[in-house]
Amino acid sequence: MSYDLFLRPRKVAIGKKDFEAYFQDRRFYDAEAGHAAYSNEETKAYFSFEWVDARDDEEGELYPIAFNINYFRPSYFIMEAEIEVSALVRAFDLVVDDPQWKGMGKGEYDAEVLMSGWNAGNESAYDIFLETPEQRSHLRTLPSATVLQAWRWNFERDARQQSVGDTKFVPLIQFLEVEGQMTSAMVWPEGVPLVAAPVDRFILTGENLLRRRPDSTKARRHLPWAEAIQILAPFIKQAPGPVVTFDYDEMPSEVLDLLLRRSSEPVSSTIWPQDRVLDREIVERALERLPRNSR
């Protein structure tokens, strides 16, 4: 199931070469032969644009550009897609044909209606997919606020890393299942200085740490955020908002002691791709709408 939007230039004609040239230099696109597939490895969002010369509407108007994005996805998918659709509309002054339920219809593009229309279709897709017990058994969810916080952080991570340079590490927010519970996490390698946002736990990594504990195995080790912040308080700089910086040139002895102590406590866990973890509130609404004998 997917959302399909069709676009055409309002006045000035564009050709397939213009379409391909536009996407050739944009980040996260694999563009060739009239097809531009977007895939962001940092957020796991994906969707596509395609040049389709033959697509006419009922009035004979040609809508040569098709946009496609799947349903039954986390809510942030359309937020990332909106950025790209809106940029394309501005670049070529496009109007739309949106046949979706609660869509824009024909005429002016509206970013808010793009998002609300996809969200409505996405909720319907949750209803359909969750009818089957097999789909329900594979669900992994987190609150929408957590899903969106991770998306915003990961979407901006590369720019934040460039702004702080090589002296500090900006990790991705990842989703981690620990003993059946979904949590948010960041990798903390070798105790290096970090720029971080609040998560449930750190995943401790680094060969140097392991070498200091010959009794350690290579099982994954975790450190709760609250415990780390308590120990690191003297070395933390608070940025505007929730962002914190672990600010030191050499690892303080307090930090080393904390990491070595934790490095002997392996935890069984599974990292889940961000696009596989759905909004808990949307799932709960869909499950409430199921017939009682199907739950």
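For this chain, numbers begin at 1 and follow the sequence in order.
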Please name the residue in the list V255, V192, L232 that meets the side chain to side chain contact (heavy atoms under 4.5 Å, CB included) test with F246. L232
Given V187, which of T205, L194, I173, L204 fulfils the side chain to side chain contact (heavy atoms under 4.5 Å, CB included) condition? T205
Would you check if [X] and [Y] make a side-chain contact, meaning some heavy-atom pair closer than 4.5 Å?
X	Y	answer
W153	V243	yes
P193	T245	no
L176	R201	yes
W225	P198	yes
T167	D249	no
F67	L7	yes
I128	M1	yes
I236	D247	no

Minimum-distance pair of heavy atoms, taken over all atoms of [X] and [Y]:
X	Y	value
M104	V113	CG-CG1, 3.5 Å
K168	Q161	O-NE2, 2.8 Å
A13	P9	CA-CG, 4.2 Å
Q100	S2	OE1-O, 4.5 Å

Distance-only, no hydrogens or angles: does the [X] side chain make a donor-acceptor pair with backbone N or O of [Y] under 3.5 Å?
X	Y	result
Y76	T43	yes
S86	I83	no
N68	S48	no
W118	N70	yes
T146	L142	no
E20	A31	no
D257	E254	no

Centres of the Y46 and F28 rings: under 6.0 Å? no
For the atom pair [atom1] ([X]) and [atom2] ([Y]), what is the distance rounded to the nearest 0.5 Å?
X	Y	atom1	atom2	value
Q274	F77	CD	CZ	8.5 Å
M186	I203	CE	CD1	10.5 Å
E288	D127	CD	CG	11.0 Å
D4	E50	CG	CD	10.5 Å
L148	M79	CG	CE	5.5 Å
N122	I78	CG	CD1	9.0 Å

Pairs flagged by salt bridge (charged side-chain N to carboxylate O under 4.0 Å, His left out) wherever [range] is involved - sequence neighbours left out:
range	answer
residues 67-86	R26-E84
residues 114-124	E123-R285, E123-R289
residues 269-282	none

F235 and Y248 aromatic ring geometry - parallel, tilted or perpendicular at 30°/60° bounds: perpendicular
Report the relative orientation of the aromatic rings in F47 and Y29; use parallel for angles under 30°, tilted for 30 to 60°, perpendicular for over 60°. perpendicular
Would E61 and K106 count as a salt bridge (Lys or Arg N to Asp or Glu O under 4.0 Å) here? Give the steps. CA-CA 11 Å; E61 293 178 307; K106 290 180 63 176; 3.5 Å; yes
Identify whether the distance between the nearest side-chain nitrogen and carboxylate oxygen of D93 and R10 falls below 4.0 Å. yes
Between E131 and R136, is there a side-chain N and carboxylate O pair less than 4.0 Å apart? no
Among residues two or more places apart or on two chains, list those pairs meeting ring pair (Phe, Tyr, Trp, His ring centres under 6.0 Å) that have a residue in [range].
range	answer
residues 123-142	F72-Y126, F72-F129
residues 155-177	W151-F155
residues 90-115	Y22-F92

Does Y3 form a side-chain hydrogen bond (donor to acceptor under 3.5 Å, both in side chains) with D98? I'd like the steps, not just the answer. CA-CA 9 Å; Y3 179 107; D98 181 358; 2.7 Å; yes
Mind checking whether [X] and [Y] sit in one hydrophobic cluster, side chains of I, L, V, M, F, W, Y counted as touching below 4.5 Å?
X	Y	result
V95	I65	no
I231	V244	yes
L172	L223	no

Identify which one of Y38, F19, F23 satisfies the ring-ring contact (aromatic ring centres under 6.0 Å, His included) criterion when paired with F49. F23
Check: D200/S184 side-chain N/O donor and acceptor closer than 3.5 Å: yes
Do V96 and L114 pass the side chain to side chain contact (heavy atoms under 4.5 Å, CB included) test, and can you show the C-alpha distance, the side-chain angles, and the key distance before you say yes or no? CA-CA 11 Å; V96 304; L114 170 75; over 6 Å; no
State which residue, out of H222, E177, R221, fulfils the side chain to side chain donor-acceptor pair (under 3.5 Å) condition with S269. H222
